[in-house]
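Since the model is a prediction, treat every value here as computed from it, not as a measurement.
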Amino acid sequence: MNTENQIATNHVNSIRKEIVMTQQSPKAIALPDAAQKRRERIKKLEVRLQREKARDTVATRRERNGQLFVWGAMVECVYRTGTDHERR
């Protein structure tokens, strides 16, 4: 997913550059709809990127929580079955 995020980010940046160029040109006054469409597209892409980042964060957190749970179960098992010396 990292590659997808990078591609989407590059796409957003290229659209932003295009908007800036359009706003600086004299044709920008004649074509307000095009600039508005681009702004809306940027907003949609940013929302999409934010959702993808949130999904990645959730997946990473789940994996880490699972690792911690297994580690805790292992420590508890060693504690229960261990001798007094091992418990210390």
Side-chain angles (χ1 to χ4, degrees):
M1 284 210 172
N2 196 10
T3 306
E4 293 174 6
N5 287 343
Q6 186 178 14
I7 291 170
T9 303
N10 290 341
H11 188 67
V12 169
N13 290 337
S14 67
I15 291 174
R16 284 181 180 159
K17 288 178 186 175
E18 189 175 338
I19 288 174
V20 169
M21 290 172 53
T22 303
Q23 289 174 344
Q24 292 173 352
S25 73
K27 294 180 182 179
I29 297 169
L31 301 172
D33 293 333
Q36 182 64 27
K37 286 180 183 179
R38 286 187 188 104
R39 283 189 210 105
E40 290 173 6
R41 174 93 171 127
I42 287 172
K43 287 179 185 176
K44 288 179 183 178
L45 287 171
E46 287 175 345
V47 168
R48 184 174 148 205
L49 279 173
Q50 193 174 22
R51 279 192 218 130
E52 288 177 5
K53 287 180 183 178
R55 274 190 228 127
D56 289 344
T57 302
V58 168
T60 304
R61 190 179 318 124
R62 282 184 185 160
E63 181 180 346
R64 181 67 179 147
N65 287 346
Q67 292 170 349
L68 290 172
F69 181 79
V70 169
W71 183 79
M74 181 189 68
V75 169
E76 184 179 350
C77 182
V78 168
Y79 183 78
R80 285 184 180 178
T81 60
T83 63
D84 289 335
H85 184 280
E86 290 173 338
R87 289 180 185 172
R88 291 184 200 151

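Once rounded to the nearest 0.5 Å, the distance linking OG1 of T57 with NZ of K53 reads 9.0 Å. From E40, atom CD reaches atom NZ of K43 across 7.0 Å, with rounding to the nearest 0.5 Å. Atom CZ of R39 sits about 5.5 Å away from atom CD of Q36, to the nearest 0.5 Å.
Legend: salt bridge (charged side-chain N to carboxylate O under 4.0 Å, His left out) pairs involving residues 59-68, not counting sequence neighbours: none detected. Contacts classified as salt bridge (charged side-chain N to carboxylate O under 4.0 Å, His left out) and involving residues 67-80 (residues at least two apart or in different chains) are given here: E76-R80.
Hydrophobic clustering, defined by side-chain heavy atoms of Ile, Leu, Val, Met, Phe, Trp and Tyr closer than 4.5 Å, leaves F69 isolated from every other such residue. Residues W71, M74 make up the rest of the hydrophobic cluster containing V75, defined by ILVMFWY side-chain heavy atoms closer than 4.5 Å, directly or through other members.
Side-chain contact check for R55 versus E52: some heavy-atom pair is nearer than 4.5 Å.
In this structure, Q50 has no side chain to side chain donor-acceptor pair (under 3.5 Å) partners at least two apart in sequence or on a different chain.
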